[in-house]
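Just so you know, these numbers use all the heavy atoms, side chains as well, and skip hydrogens, waters and symmetry mates. Small disclaimer: the values here were computed from a predicted structure and weren't measured. Positions are given from 1, in the same order as the sequence printed here. Each ligand, and each atom within it, is numbered from 1 in the order the structure gives.
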Amino acid sequence: MSSADSLLAGCLSEQREALDRGEINASELVDASLARIAQRSSLAVVVGVRESAARAEAEAADRRIAEGKPLSPLDGIPILLKDNIVQAGEPTTCASRILEGYVSPFDAAVTEKLLGAGAIILGRTNMDEFAMGSSTENSIYGPSHNPWNPARACGGSSGGSAASVAAGFVPLALGSDTGGSIRQPASFCGVVGLKPSYGRVSRWGLVAFASSLDQIGPFARRVSDCALALETIGGHDARDSTSRPEPMPRLRDALTGEIEGLKIGLPREYFVEAGVDPGVLVRVREAIGVLEEAGARFVDITLPHTRYTIATYYLIANAEASSNLARFDGVRYGRRAENVRDLKDLYERSRSEGFGSEVKRRILLGTYVLSAGYYEAYYGKAQRVRTLIRQDFERAYRECDLILTPTTPETAFALGAKSGDPLSMYLSDVYTASANLAGLPGLSLPCGLAEGMPVGLQLLGRPFDEATILRVGDAFERRTKHHLAGPQEGL
Ligand code: GLN
């Protein structure tokens with residue numbers, strides 16, 4: 001293995017140190033990443049690369065680093081973006097036929113910030129169409145394969161970004177999380193994934209799925225790298241009216257390894273034996289033991305409206321999606337049906353041909369729950385239950401500083417296992433979607449294996465308190481070796 005190759009298996013800070021010590025340069029790192037992406041293209045996790053642009057940017061980074069003037073700790077580091085985050089002059093498809101041929105005229109706020117920090121964007125990662133799904137199977141590019149076992153799903157919808165980090169293509173990738181789409185694939189692929197508080201990261205340039213739930217966040221191999229990434233992409237942005245003014249703290253300062261006296265809540269409803277795979281529960285209980293030994297205190301809490309989470313999430317997310325996706329009409333963006341009779345035919349055919357079946361199902365459901373006769377019975381009711389779910393968390397945080405749960409009820413399922421049964425697919429989000437409904441930050445980190453596949457530990461914080469969940473995640477990492485495990489092949 002060349003030094004570049006072995007570095008790819010490492011984390012962002014290892015790559016940073018190697019760049020700073022001159023053991024490798026950004027151009028070599030980018031070349032090695034591109035070579036590995038090409039070599040493992042059968043995983044179908046990267047759907048577009050910007051080879052020559054990335055190489056030119058790496059040369060510019062090398063000049064800055066050689067002069068001792070790197071722009072930031074991300075200068076010269078190769079990264080990937082989920083295919084729903086735009087970059088000027090580059091295609092964005094959301095893994096949908098309807099956006100075929102679309103090239104963005106502008107940078108997303110996060111793209112702007114990452115480029116400003118000197119990161120090298122290698123390209124785009126696979127996802128469920130318009131971020132709707134839990135497996136990265138609903139995609140025009142075909143399903144992504146889990147690097148731990150190619151017969152298994154990567155999780156979704158940001159499965160391509162999670163798998164890219166797990167396979168050692170890049171040390172950092174961005175995804176989006178509307179109901180679990182960062183944490184669930186992070187769990188399935190054995191990497192760290194962070195969903196920031198709602199309003200922490202600008203959604204400017206993220207193609208909207210459900211605007212009151214969507215957040216962009218990072219995947220990395222270490223908690224500290226996620227902290228660095230959020231420091232870089234977070235903060236107020238006037239172009240997103242839901243972006244919040246809270247200052248962005250230096251999150252890495254919170255990673256002291258010290259968690260003595262912190263109170264961690266265990267929600268009774270999330271530890272129901274019947275609902276969780278026993279192998280997952282064993283690993284999560286071991287993790288609780290590690291944190292207890294480190295000085296954390298555990299308290300039992302209750303989140304009584306948990307059982308309404310999935311129904312509430314799917315009513316609200318689909319209602320918002322039906323409205324957001326109305327803009328894809330064949331006129332303004334991407335693909336347009338040909339030989340049409342009139343305008344109505346153009347709309348109808350562009351949308352019928354352009355959207356996949358899961359997206360259509362959600363538009364229909366969303367339109368139905370917003371229709372005059374049913375609005376109060378479904379959408380209005382869901383909004384009221386959303387408030388109750390948020391109040392559950394407010395009450396719980398009077399008794400604890402953060403909450404610990406499994407990220408998912410099971411490890412990565414087989415490709416195809418749930419694609420014919422949307423309801424069982426929706427249940428994959430049973431532990432993650434409540435954080436989006438309540439606007440909370442959530443972290444998933446590896447806590448061991450069950451039958452050879454990674455298990456994720458979820459930490460949920462108070463709104464805008466990413467620092468505490470990152471601190472606890474980092475303290476766990478310092479005391480365990482789970483983050484060092486990787487898929488056998490290629491690592
Ligand atoms: N799996 C959930 C859904 O299908 C969440 C998706 C997401 O977070 N983008 O809606």
**OP:** Please determine which of Leu443, Ile469, Thr432 meets the side-chain contact (heavy atoms from CB on, under 4.5 Å) test together with Gln458.
**Re:**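 Answer to the side-chain contact (heavy atoms from CB on, under 4.5 Å) test with Gln458 among Leu443, Ile469, Thr432: Thr432.
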Between [Y] and [X], is there a side-chain heavy-atom distance shorter than 4.5 Å?
{"X": "Tyr431", "Y": "Thr309", "result": "no"}
{"X": "Leu404", "Y": "Ile288", "result": "yes"}
{"X": "Pro196", "Y": "Glu466", "result": "yes"}
{"X": "Leu12", "Y": "Arg221", "result": "no"}
{"X": "Leu303", "Y": "Phe393", "result": "yes"}

Subject >> Closest protein heavy atom (residue, atom, distance) for atom 5 (C) of ligand 1 >> reply: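 Going by distance alone, atom 5 (C) of ligand 1 is nearest to Tyr313 OH, 3.2 Å.
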**OP:** Could you check atom 6 (C) of ligand 1 against the protein and tell me its nearest heavy-atom contact, residue, atom and distance included?
**Re:**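 Result: Ser181 OG, 2.8 Å.
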Please list, in number order, the atoms of ligand 1 under 4.0 Å from a heavy atom of [X].
{"X": "Phe209", "result": "9 (N), 10 (O)"}
{"X": "Ala131", "result": "6 (C), 7 (C), 9 (N)"}
{"X": "Ser157", "result": "9 (N)"}

Original post:
For Phe130 and Phe328, what are the C-alpha separation, side-chain angles and deciding distance, and is it a ring-ring contact (aromatic ring centres under 6.0 Å, His included)?
Top reply: CA-CA 11 Å; Phe130 283 102; Phe328 301 104; 5.1 Å; yes
**OP:** Quick one: look at Arg362 and ligand 1, take heavy-atom pairs under 4.0 Å, and tell me if it's side chain, backbone, both or neither.
**Re:**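 For Arg362, the contact with ligand 1 is made by the side chain alone.
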Original post:
Between Asp429 and ligand 1, which part of the residue brings a heavy atom under 4.0 Å of the ligand: side chain, backbone, both or neither?
Top reply: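 Near ligand 1, Asp429 shows its side chain, while the N, CA, C and O stay back.
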Original post:
Contact between Gly133 and ligand 1, counting heavy atoms under 4.0 Å?
Top reply: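 Yes, Gly133 has a heavy atom closer than 4.0 Å to ligand 1.
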Original post:
Looking only at heavy atoms of Tyr426, does any of them come nearer than 4.0 Å to an atom of ligand 1?
Top reply: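 In this structure, Tyr426 fails to qualify as a contact of ligand 1 - no heavy atom is under 4.0 Å.
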Geometry only, no angles: is [X] polar-contacting ligand 1 at N/O separations under 3.5 Å?
{"X": "Gly156", "result": "no"}
{"X": "Ser134", "result": "yes"}
{"X": "Tyr314", "result": "yes"}

**OP:** Say whether, by atom type as modelled, one donor and one acceptor occur between the side chain of Arg239 and the main chain of Trp204 under 3.5 angstrom.
**Re:**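 Checking the backbone N and O of Trp204 against the side chain of Arg239, no donor-acceptor pair under 3.5 Å is found.
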